[in-house]
Amino acid sequence: MSRSATKIGPGAFIAAAFIGPGTVTLCTIAGVKFGYGLLWVMLLSIVATYTLQEMSARLGLITQKGLAAVIKEQISSTILRNITVLLIFSAIVVGNIAYEAGNLTGASLGLSAIFGESSLPFLPLLIGSMSAILLFIGSYKLLERVLIGLVLAMSLSFFITAILTKPDLGAVFSGLFTPQVSSQNILMVIGLVGTTVVPYNLFLHASLVKEVWQHPNELKLVKQDTLISISFGGIISMAIIICAASIQGDSVENLLDLAKGLNPLFGTFSTLFLGIGLFAAGITSAITAPLAAAFVGQHCFGWKANLKDWRFRAIWLTVIIVGVISSSLKLKPIEIIKFAQIANGLLLPLLACLLFWIVNKTQVLGQYKNSLRQNLIGVVVIATTLVLSIKTLYSLF
């Protein structure tokens, strides 16, 4: 087997990124309120995520450029190009600054579940420092190995807990393949798709692929890595829903509530496994969100930088520092978060359309442009992102 055939990893960054504390919480509530009934939503979300991430990864491999850089090149109008770059920068960089506190808080809650709550005030600083050290070292291989290990820890912790609940397999399969939408679950359906289809992952994936693969004949490996990693992420989300489905009542609002609800059945094992899972979910997102922000900043400003460039480091360090301060002081920068939600709501369908347009351009991808089948699936995914955008903006205004 060739050396390149053994490489895998960029996809793990994507799985690590979209399984954050927000996803964990939403999947928990979905399982408590609707049982196995919304498992089909996660299946749909994984198909949508894979479709967009495969396009982004393919673009990164063939062009050997980041997504933001390619978008800038392909928009000829200076005004449209500047507006698009500003929206991308606002949604990803400002958005990730606003959301980093939630990533650190989630990881802190996971550790407090394992070791006790007395050390909670210091945990955001500890976890933020760990993330900063890993990013400062500037080694792609180290980051890859750490994130693969954390994704595996998440997978095992949630999967083992799901098995312990002894789910009704018939009901699980029914929930996977029998879509049901009603006025009671529509907002949860949209929320589950929205927490899985993450705009910043498209930028992260295109930028990371070229760290591992440089030749078009490695496209098959890129697709395999993307499919395996995103499927893993989907299985993790489904396992959380299955765990939560075993609990009755609406008092469960997060993973630690779920652990307490499972304690009578499984004792401290449930708290241990779910604590590990929540910590892994939080710290992986606490690493990937600043990293994605740095890549976007690099390509928006046209820097010829690498992981060790001081400008690159300045962006991810800003994200982490603000996140640590907000998490430690329990600040809730509502206006910044609202601004980030608006920017992301506008960016997702725009980004999906731009990506779809670019991967159909022969002068960009040549023989590797979209096939008819990919375009048909892409149209459905773009329509889904438009619905998500409308819902996000409607809820805010």
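Along the sequence shown, residues carry numbers from 1.
Here the shortest heavy-atom pairing between P216 and Y368 reads CB-OH, 3.3 Å. V172 and P167 get closest at one heavy-atom pair: CG2-CB, 4.0 Å. Listed here is the closest heavy atom pair of S207 and H299: OG-NE2, 3.3 Å. When all heavy atoms of M42 and C27 are compared, the pair lying nearest together is SD-SG, 4.4 Å. Of all non-hydrogen atoms in L348 and P199, the two that sit nearest each other are CD1-CG, 3.9 Å.
Between E100 and V322 there is no side-chain heavy-atom pair separated by less than 4.5 Å. In this structure the side chain of T51 never reaches within 4.5 angstrom of the side chain of V380, judged on heavy atoms. By the 4.5 Å heavy-atom criterion applied to side chains, I236 and V24 are not counted as neighbours. A heavy-atom distance below 4.5 Å is not found between the side chains of P21 and T105. No side-chain heavy atom of F295 sits less than 4.5 Å from a side-chain heavy atom of L67. Counting heavy atoms from C-beta outward, I75 and I71 have side chains that approach closer than 4.5 Å. Using a 4.5 Å heavy-atom cutoff, the side chains of F356 and I382 are in contact. Put simply, the side chain of L123 reaches to within 4.5 Å of the side chain of L126, judged on heavy atoms.
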Using atom types as modelled, flag every donor-acceptor pair under 3.5 Å from a side chain in residues 277-294 to any protein atom, sequence neighbours excluded.
unit_1: T284; atom_1: OG1; unit_2: A16; atom_2: O; d: 3.1
unit_1: T284; atom_1: OG1; unit_2: A280; atom_2: O; d: 2.8
unit_1: T284; atom_1: OG1; unit_2: A281; atom_2: O; d: 3.0
unit_1: S285; atom_1: OG; unit_2: A17; atom_2: O; d: 3.2
unit_1: S285; atom_1: OG; unit_2: A281; atom_2: O; d: 3.3
unit_1: T288; atom_1: OG1; unit_2: Y200; atom_2: OH; d: 3.4
unit_1: T288; atom_1: OG1; unit_2: T284; atom_2: O; d: 3.0

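Under a hydrophobic-cluster definition in which Ile, Leu, Val, Met, Phe, Trp and Tyr are linked whenever side-chain heavy atoms come within less than 4.5 Å, directly or via other members, I228 and V47 are assigned to different clusters. Hydrophobic clustering, with ILVMFWY side chains joined whenever heavy atoms are under 4.5 angstrom apart, groups F312 together with L134. When hydrophobic clusters are built by joining Ile, Leu, Val, Met, Phe, Trp and Tyr residues whose side-chain heavy atoms come closer than 4.5 Å, directly or via intermediates, L169 is not grouped with M238. V85 and L202 fall into different hydrophobic clusters, defined by Ile, Leu, Val, Met, Phe, Trp and Tyr side-chain heavy atoms under 4.5 Å apart, directly or through other members. Cluster annotation: L80 and V70 are assigned to the same hydrophobic cluster (Ile/Leu/Val/Met/Phe/Trp/Tyr, side-chain heavy-atom contacts under 4.5 Å, transitive).
A donor-acceptor contact closer than 3.5 angstrom is absent between the side chains of T196 and T49.
The closest donor-acceptor contact from the side chain of E211 to the backbone of Y140 lies at 3.5 Å or more, if one exists at all. Judged by distance alone, with hydrogens and angles left aside, the side-chain atoms of S56 form no donor-acceptor pair with the main-chain N or O of L52 at under 3.5 Å. At distances below 3.5 Å, at least one donor-acceptor pair connects side-chain atoms of N185 with backbone N or O atoms of S182. The backbone N or O of I242 sits nowhere less than 3.5 Å from a side-chain atom of S246 that would complete a donor-acceptor pair. Judged by distance alone, the side chain of T23 and the main-chain N or O of F18 form a donor-acceptor pair under 3.5 Å. Under a 3.5 Å cut-off, the side chain of S157 and the backbone N or O of M154 do form a donor-acceptor pair. A distance-only check finds no donor-acceptor pair linking the side chain of D225 to the backbone of L221 [under 3.5 Å]. Within the 3.5 Å criterion, the main-chain N or O of G323 finds no donor-acceptor partner in the side chain of S326. Formation of a donor-acceptor pair under 3.5 Å by the Q64 side chain with backbone atoms of W213 is found in this model. Judged by distance alone, with hydrogens and angles left aside, the side-chain atoms of S112 form a donor-acceptor pair with the main-chain N or O of L109 at under 3.5 Å.
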- [ ] For V93 and I88, run side chain to side chain contact (heavy atoms under 4.5 Å, CB included): C-alpha distance rounded to whole Å, both residues' side-chain angles, the deciding distance at 0.1 Å, then the answer.
- [x] CA-CA 8 Å; V93 179; I88 289 171; over 6 Å; no

Could you go through the side chain to side chain contact (heavy atoms under 4.5 Å, CB included) check for E144 and V212 one step at a time? CA-CA 10 Å; E144 178 186 272; V212 180; 4.1 Å; yes

Show your reasoning for whether side chain to side chain contact (heavy atoms under 4.5 Å, CB included) applies to V359 and L355.
-> CA-CA 6 Å; V359 295; L355 181 60; 4.1 Å; yes

Problem set entry | Full working for side chain to side chain contact (heavy atoms under 4.5 Å, CB included) between L219 and R58 | CA-CA 7 Å; L219 181 58; R58 178 162 30 109; 3.9 Å; yes

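Between F136 and W316, the ring planes lie perpendicular to each other; the angle is over 60°, past the 30° to 60° tilted range.
To the nearest 0.5 Å, atom CE of residue M188 and atom CD1 of residue I29 are 5.5 Å apart. Between T161 atom OG1 and L156 atom CG the span is 10.0 Å, to the nearest 0.5 Å. Taking CD of Q214 as the reference point, atom CD1 of I62 lies at 12.0 Å (rounded to 0.5 Å).
With sequence neighbours excluded, the residues forming a ring-ring contact (aromatic ring centres under 6.0 Å, His included) with F89 are F301, listed by chain and number. Contacts of K65 classified as side chain to side chain donor-acceptor pair (under 3.5 Å), with partners at least two apart in sequence or in another chain: E73.
Counting heavy-atom neighbours within 6.0 Å of F34 CZ, excluding the residue itself, gives a total above 12. No more than 12 heavy atoms of other residues, nucleotides or ligands shown are found within 6.0 angstrom of NZ on K308. Environment of CZ in R311: crowded, with over 12 heavy atoms of neighbouring residues, nucleotides or ligands closer than 6.0 Å. No more than 12 heavy atoms of other residues, nucleotides or ligands lie within 6.0 Å of CD1 in I79, so this atom counts as exposed by the packing criterion.
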